[in-house]
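Quick note on labels: first sequence line is chain A, next is B, and so on, each numbered from 1.
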Amino acid sequence: MSTAPDPSHDPAAEKESATEKLNFIETAIQQDLKAGRFDGVATRFPPEPNGYLHIGHAKSICLNFGLAKKYGGTCNLRFDDTNPSKEETEYVDSIKNDIRWLGFDWDNLHFASDYFEQLYQWAVQLIQSGHAYVCDLNGEETRRYRGSVTEPGQNSPYRDRTPEENLDLFQRMRAGEFPDGAKTLRAKIDMASPNLNLRDPVMYRIMHTPHHRTDNQWCIYPMYDWAHGQSDSLENISFSICTLEFENHRPLYNWFCQTLGIHNPRQIEFARLNMTYTVMSKRKLLQLVQEGYVSGWDDPRLPTLVGLRRRGYTPESIRAFCDDIGVAKFNSTIDVIKLENAVRTHLNEVAPRRMAVLDPVKLTLTNWPEGRVEMMEAVNNPEDPAAGTRQVPFSGTLYIDREDFREEAPRKYFRLKKGGAVRLRYAYIIDCHDVIKDDEGNVTEILCTYDADTHSGSGNSQRKCKGTIHWVSAEHAGDVEVRLYDRLFTVEKPDVASQEGSFLDHLNPESLRTAQAKVEPALLEVAAGENVQFERTGYFCADPDSQPSAPVFNRTVALRDTWGKMQAKGKVH
RNA sequence: GGCCCAAUGGUGUAAUUGGCAACACGAUAGAUUCUGGUUCUAUUAUUCCAGGUUCGAGUCCUGGUUGGGCUACCA
């Protein structure tokens, strides 16, 4: 490096600003915009209200809302509520909350059920133009006629009914003349198509089931393929972004729009999110909740948005994560470390630091003046000077973490050992001269002397020591419950069924440990939902179970632990 | 035995659309540090295989391999 290049003439920098990194969806959007296929960008997030949102949905939400924002377009929230047997208003509310919590707001709120009448009219249009027919085959027969992946299907015997007859039958289906399953309305496409979705797909089924919004107004309900694309079209969506499993549905999506002669959005598919050490399917999440393996949808071990929130994940960290993982069509599995890293990064910037002793052992300062209490000034957040400082009471009787003391230890052990010294954070350097044990040999009390010249920040002493540990003054300490969460599963891919086993076989028996911690006074005032860092330990969030002056803390994620890693690798003992 | 889609370091995503393979995370080594945190530095690749087109291929073509999806009146 001989000369510092002028940044304005740095070719590398120019290149960087000129070539913005686009994912494959953005590339497609820019091409379509340039070609004039669409006027602008209109997207939508289309959940079915039959469950809680999880981190995989967050990826889709960030994508759809993010694209709208990036291109100055709009993003709607639309509930795909076409199956009344599974859907409930409870889920509608939770989904709205989760999206807002994540930091997004929709331009328009819609329900597929609002389009039922329009959908019906369009179905009539397809019947009249000879593109749809009423079929009397039952489920079992329909399946048989469809053929298989290697064999073509056969035409339904009802395929050639006249438009008049079809119309009459369809009207009577709507009027409730037939029982559940007696008839369906099917699109007339091609029973020999290699794409199974095109083998005369069912558009409507008869279900005498009240709907969460339309109640008993309808007894015929549209299928996904018939409702989804048409809803997109009605809302003038330009890019209908969905997951990979709908790739084979795209020809049908386009067929409906084109046959109807209506606005045809472009469907683009991306790979859904998979993450190590967890499960993402609604079925499995439901099973974990219903069978009591976790405490509920908001159990902090679940990848649900309500679970992550309770665990202490911030919206910012989840958005950063979604941004970080990118979008592609490759079926990948993201290392959960990425998620943990995202929340560490954010919390490192914003979480106030506090001292908490999770596994307390008593430490007495034998040369401390009887009854004396000193207030120590502690920095609230070294990453944020504006967070200021606080006063922490210090006395001759303290608690430190059992992990931070050993009678004998290797040179690389920087914490307190018998005959050694350590710095008490924001206080004094202490020397350990003795240990008291119970009959079983457990350390019950550590005896030390403090070095009065080493008061934090005083500059009175040149004395240094390698280690610094956290502490809490016994008489001022609060007692709180701490819930130490770990991964729910012990294997990277619990989903990949081990031959005969179930994903439940891989549940981590230690995914939740509780501890009674001794904490500094400031921690007693933390309100539910607030994030803090317990110095040297991890990030914690006060749980909704917290009571005034009696918070319960959930461990969001531990701090990076170089020492623990060295131990795990056998480099030290 | 059909159709559709994908494949780039340990993980995930880029590559100005045919022009010197980049970024993040992880891992490793070191520096700094009153958090074994943070921060900083360094190291970490014959682009799944085989042919072909081309001055030039991660990118285009052909064949193969591997993985995913499709056979609900679910979405």
Side-chain angles (χ1 to χ4, degrees), chain A residues 15-16 18-23 27 46-48 50 80-83 85-87 135 137-140 142-143 146-153 180-186 193-199 201-207 220-221 223-225 227-228 242-251 269 271 276 282 324-335 337-338 341-342 344-345 348-349 353 355 378-379 382-383 412-415 422-427 429 454 456-457 464-470 533-539 558-566:
Chain A
K15 189 179 168 186
E16 195 126 18
T19 11
E20 185 195 5
K21 282 188 178 178
L22 300 180
N23 61 48
T27 305
E48 181 187 15
N50 72 342
D80 240 324
D81 54 350
T82 57
N83 186 352
S85 66
K86 290 185 175 178
E87 296 146 7
C135 182
L137 256 28
N138 64 31
E140 158 64 34
T142 305
R143 208 169 303 129
R146 183 159 33 231
S148 72
V149 291
T150 51
E151 300 161 294
D180 286 4
K183 295 182 190 310
T184 57
L185 182 75
R186 301 176 66 181
S193 171
N195 182 341
L196 289 279
N197 295 120
L198 262 21
R199 321 247 260 228
V202 172
M203 295 168 62
Y204 277 98
R205 76 282 218 184
I206 299 173
M207 283 177 94
I220 56 172
Y221 290 97
M223 303 292 292
Y224 168 85
D225 287 299
H228 195 91
C242 62
T243 43
L244 245 33
E245 68 269 26
F246 294 105
E247 215 160 15
N248 292 336
H249 293 240
R250 187 171 1 114
E269 312 85 11
T276 55
K282 271 184 190 172
D324 186 40
I325 59 178
V327 199
K329 298 189 76 160
F330 180 64
N331 226 308
S332 60
T333 302
I334 307 294
D335 196 329
I337 286 175
K338 283 239 187 216
N341 183 62
R344 279 198 195 100
T345 302
N348 178 49
E349 292 166 8
R353 314 290 135 120
M355 290 196 284
V379 171
E383 305 296 318
K412 291 213 173 185
Y413 185 82
F414 302 153
R415 284 109 104 143
V422 79
R423 159 140 245 135
L424 292 178
R425 177 133 239 227
Y426 298 125
I429 289 177
T454 59
S456 192
K464 295 209 180 227
C465 61
K466 186 72 182 167
T468 299
I469 65 173
H470 57 97
Q533 182 197 97
F534 290 178
E535 290 222 22
R536 304 207 311 126
T537 306
Y539 294 100
L559 248 33
R560 254 194 209 89
D561 183 9
T562 310
W563 169 248
K565 218 176 272 177
M566 285 163 68

Member of A:R143, A:R186, A:R146 meeting the side-chain contact (heavy atoms from CB on, under 4.5 Å) criterion with A:L137: A:R186
Distance in angstrom units between A:D561 CG and B:G26 C1', rounded: 16 Å
For atom CH2 of A:W563 and atom P of B:U35, their distance in whole Å: 17 Å
Length of the CD1-C1' vector between A:I325 and B:G26, whole Å: 16 Å
Any A:L559 side-chain heavy atom under 4.5 Å of A:Q533 side chain: yes
Distance, P atom - from B:G19 to B:U35, rounded to whole angstrom: 49 Å
Sugar-phosphate only, base, or nothing, as touched by A:E269 at under 4.0 Å among non-hydrogen atoms: nothing
Heavy-atom donor-acceptor pair, A:R199 side-chain to B:U71 base, under 3.5 Å: no
Pairwise C1' distance for B:U62 and B:A57, with rounding to whole Å: 15 Å
Syn/anti label of B:U16 as read from its glycosidic torsion, with the cut at 90° from 0: anti
Consecutive Watson-Crick or G-U pairs in runs of at least 3, all under 3.5 Å, in which RNA chain B is involved: B:2-7 with B:65-70, B:10-13 with B:22-25, B:26-31 with B:39-44, B:48-52 with B:60-64
Interatomic distance, A:I469 CD1 vs B:G37 P [rounded to whole Å]: 16 Å
For atom CZ of A:F414 and atom P of B:C34, their distance in whole Å: 13 Å
pair A:V379-A:Y426: side-chain heavy atoms closer than 4.5 Å: yes
Residue A:I337, side-chain atoms from C-beta onward, closest of B:C25, B:G12, B:G37: B:C25
Most 5' of A:E383 and A:N341 on RNA chain B, judged by nearest nucleotide: A:N341
For B:A72, glycosidic torsion class - syn if within 90° of 0, otherwise anti: syn
Given B:G36, B:C23, B:G68, the nucleotide with the shortest approach to the side chain of A:N331: B:G68
Lys/Arg N to Asp/Glu carboxylate O, A:R250 vs A:E269, below 4.0 Å: yes
Atom-to-atom span, CE of A:M355 to C1' of B:U35 - whole angstrom: 10 Å
Nearest-angstrom distance from the residue atom CZ of A:R344 to P of B:C25: 13 Å
Separation of the C1' atoms in B:A14 and B:U39, to the nearest angstrom: 26 Å
Student check: side-chain heavy atoms of A:K412 and A:K466 closer than 4.5 Å: no
Atom P, compared across B:A72 and B:G10: separation rounded to whole Å: 40 Å
Pair of N/O donor and acceptor under 3.5 Å linking B:G36 base with A:R415 side chain: yes
Nearest to side-chain heavy atoms of A:S332, which nucleotide of B:G37, B:U13, B:C25: B:U13
Sugar-phosphate only, base, or nothing, as touched by A:F534 at under 4.0 Å among non-hydrogen atoms: nothing
Donor-acceptor under 3.5 Å (A:N331 side chain, A:A271 main chain): no
Span that lies between the P atom of B:C5 and that of B:U54, in whole angstrom: 27 Å
Within-4.5 Å side-chain heavy-atom neighbours: A:R536 and A:R425: no
Stacking of A:F330 on B:A6 base (centres under 5.5 Å, planes under 30°): no
Check: A:S193 side chain, A:L198 main-chain N or O, donor-acceptor pair, under 3.5 Å: no
Euclidean distance for P, B:A22 against B:G9 (whole angstrom): 14 Å
Check: B:A24 base within 3.5 Å donor-acceptor of A:K338 side chain: yes
Rounded distance in Å between the C1' positions of B:U59 and B:U71: 35 Å
A:P201 side chain reached by A:M223 side chain, heavy atoms, under 4.5 Å: no
Separation between the C1' atoms of B:U66 and B:U8, rounded to whole Å: 15 Å
Give each protein N/O atom lying under 3.5 Å from an N/O atom of nucleotides 1-5 of chain B, with the pair distance.
{"from": "B:G2", "atom 1": "N9", "to": "A:V149", "atom 2": "O", "distance (Å)": "3.3"}
{"from": "B:G2", "atom 1": "N3", "to": "A:V149", "atom 2": "O", "distance (Å)": "2.9"}
{"from": "B:C5", "atom 1": "O2'", "to": "A:E247", "atom 2": "OE2", "distance (Å)": "3.4"}

Closest nucleotide among B:A27, B:G37, B:G26 to the A:T562 side chain: B:G37
Donor-acceptor pair under 3.5 Å, A:E151 side chain vs B:U71 base: no
Tabulate protein N/O versus nucleotide N/O from nucleotides 73-75 of chain B, keeping only pairs under 3.5 Å, one per line.
{"from": "B:C73", "atom 1": "OP1", "to": "A:R146", "atom 2": "NH2", "distance (Å)": "3.4"}
{"from": "B:C73", "atom 1": "OP2", "to": "A:R146", "atom 2": "NH1", "distance (Å)": "3.0"}
{"from": "B:C73", "atom 1": "OP2", "to": "A:R146", "atom 2": "NH2", "distance (Å)": "3.3"}
{"from": "B:C73", "atom 1": "N3", "to": "A:G181", "atom 2": "O", "distance (Å)": "3.4"}
{"from": "B:C73", "atom 1": "N4", "to": "A:L137", "atom 2": "O", "distance (Å)": "2.6"}
{"from": "B:C73", "atom 1": "N4", "to": "A:G139", "atom 2": "N", "distance (Å)": "3.1"}
{"from": "B:C73", "atom 1": "N4", "to": "A:G181", "atom 2": "O", "distance (Å)": "3.1"}
{"from": "B:C74", "atom 1": "OP2", "to": "A:R205", "atom 2": "NE", "distance (Å)": "2.8"}
{"from": "B:C74", "atom 1": "OP2", "to": "A:R205", "atom 2": "NH2", "distance (Å)": "2.7"}
{"from": "B:C74", "atom 1": "O3'", "to": "A:R205", "atom 2": "NH2", "distance (Å)": "3.2"}
{"from": "B:C74", "atom 1": "O2'", "to": "A:N83", "atom 2": "ND2", "distance (Å)": "3.0"}
{"from": "B:C74", "atom 1": "O2'", "to": "A:K86", "atom 2": "NZ", "distance (Å)": "3.3"}
{"from": "B:A75", "atom 1": "OP1", "to": "A:T82", "atom 2": "OG1", "distance (Å)": "2.6"}
{"from": "B:A75", "atom 1": "OP1", "to": "A:R205", "atom 2": "NH1", "distance (Å)": "3.3"}
{"from": "B:A75", "atom 1": "OP1", "to": "A:R205", "atom 2": "NH2", "distance (Å)": "3.2"}
{"from": "B:A75", "atom 1": "OP2", "to": "A:Y224", "atom 2": "N", "distance (Å)": "2.8"}
{"from": "B:A75", "atom 1": "N6", "to": "A:H249", "atom 2": "NE2", "distance (Å)": "3.4"}

